[in-house]
Amino acid sequence: MNGPVPVEVLKQHLIDPEICIRCNTCEETCPIDAITHDENNYVVRADTCNGCMACISPCPTGAIDNWRDVLKAESYSVDAQLTWDELPVQDDALAGQGAIGEAAEGAAAGTTAGDAESAEPAIGGSDLVRGSVVPPWSAAKPYVNLYNHKAPVQATVVGNYRVTDASTESDIHHIVLDFGKQPFPVLEGQSIGIIPPGTTADGRAHHARQYSIASPRDGERAGYNNLALTVKRVTKDHHEQAVGGVCSNYLCDLKKGDVVNVMGPFGSTFLMPNHADSHLLMICTGTGAAPMRAMTEYRRRRRLKGATGKLMLFFGARTQGELPYFGPLLNLPKDFIDTNLAFSRTPGQAKRYVQDAMRERATDVAALLRHEHTYIYVCGLKGMEDGVLQALQAIAGEAGLDWQALWQRMKTEGRLHLETY
Ligand code: A2P
């Protein structure tokens, strides 16, 4: 009766700590809470992950898409992964033998976990993913991961200005970094990683922090190899407790001529369409304005060359003084961009959020929703995502549009991009 004992080889899902920029996108996306993190690493629970692949596309760096064939009984524990500085090498004897596991087969084949029997293919990778995981069809091809934390590129600070009113608490800076003769090609909607100098309390090098690029592909100053970031100085955590944000304080205090270590660029889906008659519906709060500024400025430069699509912007801040780029934004011609501001803490006025402003402009938003060349971008506070999607649903419903069908279509066509934090 001594038959062979089946040896199970698992294709274990791992996250590369060398590339990961700890942006939390994977943990937020995972529909079954298989991803967790500590202050060091983001990791995948081998006994929970079913390989549904929902997390793969949204990851801006590709760190998420790593796999090792291991004996199931010897799979890497969460505790072990949390200590890693780099991925373990693949054991040659097991290479190519791993299986993701029974629960995952349907998902890996293109259906979401739990609906393996359904004939309907998953939309956008997983119905639990609310935005597009593909770029607009006409987006330019992005470069990603040209530089990592082991081999960052050095950029020189050529400008650092406060872009919120000096009398307000919100200290938001516009920081311009120049790459000189080193290649650093970017597109609007992409982000970069900044590696703050120094170490954590336990002596480890700081991880990079991710910032959206606020300038167009051809430079903050057209024709220059530079880019801008919009950075808010972090002085309080989500519970209003005093904290000093390591990277934001470092960036906001930089002087002209200082040199910064940069990783990236990152991001291959939150990109703008390149066809001239495409419309942009942009919704943001606070520093979420960065990609909208990049896209708007690129369109402004292209408009001179014949771009005709509409631009509609909804921008929320606590007060007028706390809205970054308030002055320059209002200087843009009204026939170029339809700007709608929403302030939540103006003394003597009712609280107003971007979604309230959208409902007030329902007729014009609905007209954009009807148009198959409309692309929606949402960037800013996590909390706004629900509110904005609800507003879109209500506006579509009142206009006689089937929001559920439109939402799915926009997702698969790379026309609904959400980046919230
Ligand atoms: P609030 O006054 O309620 O905080 P911040 O300055 O923190 O980056 O926020 C930018 C703006 O986003 C503020 O006006 C803030 O309002 C607003 N905001 C907060 N929560 C939401 C939400 N759930 N939906 C839309 N806007 C929000």
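Counting starts at 1 for both ligands and their atoms, following the listed order. As a basis for the values below, the full set of heavy atoms in this structure was taken, side chains included, without hydrogen atoms, waters or symmetry mates. Residue indices begin at 1 and follow the sequence shown.
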For [atom], closest protein heavy-atom neighbour:
atom: atom 10 (C) of ligand 1; result: Thr285 CB, 3.9 Å
atom: atom 13 (C) of ligand 1; result: Ser344 OG, 3.5 Å
atom: atom 17 (C) of ligand 1; result: Tyr353 CE2, 3.7 Å
atom: atom 9 (O) of ligand 1; result: Leu381 CD1, 3.4 Å

Are any of the side-chain nitrogens in Arg293 or Glu297 under 4.0 Å away from the carboxylate oxygens of its partner?
no
Could you tell me whether Arg233 and Glu169 make a salt bridge, using a distance below 4.0 angstrom between a side-chain N and a carboxylate O?
no
Mark up the atoms of ligand 1 that fall under 4.0 Å of a heavy atom belonging to [X], in ascending order.
X: Gly383; answer: 22 (C), 23 (N)
X: Lys232; answer: 6 (O), 8 (O)
X: Gln355; answer: 24 (N), 25 (C)
X: Arg318; answer: 5 (P), 6 (O), 7 (O), 13 (C), 14 (O)
X: Met384; answer: 22 (C), 23 (N), 24 (N), 25 (C)
X: Ala317; answer: 11 (C), 13 (C), 14 (O)

Mind checking whether [X] contacts ligand 1 via backbone (N, CA, C, O), side chain (CB onward), both or neither, at a 4.0 Å heavy-atom cut-off?
X: Arg345; answer: side chain
X: Ser170; answer: neither
X: Lys351; answer: side chain
X: Thr287; answer: neither

Classify the side-chain pair [X]/[Y] by whether it contains a donor and acceptor separated by less than 3.5 Å.
X: Tyr325; Y: His174; value: yes
X: Tyr143; Y: Ser268; value: no
X: Ser77; Y: Asp79; value: no
X: Glu322; Y: Thr168; value: no

Could you give the distance from CZ (Arg299) to NZ (Lys310), rounded to the nearest 0.5 Å?
11.5 Å
Can you find a pair of side-chain heavy atoms, one from Met358 and one from Leu392, that are under 4.5 Å apart?
yes
Okay, side chain of Glu188, backbone of Pro216: is any donor-acceptor separation there less than 3.5 Å?
no
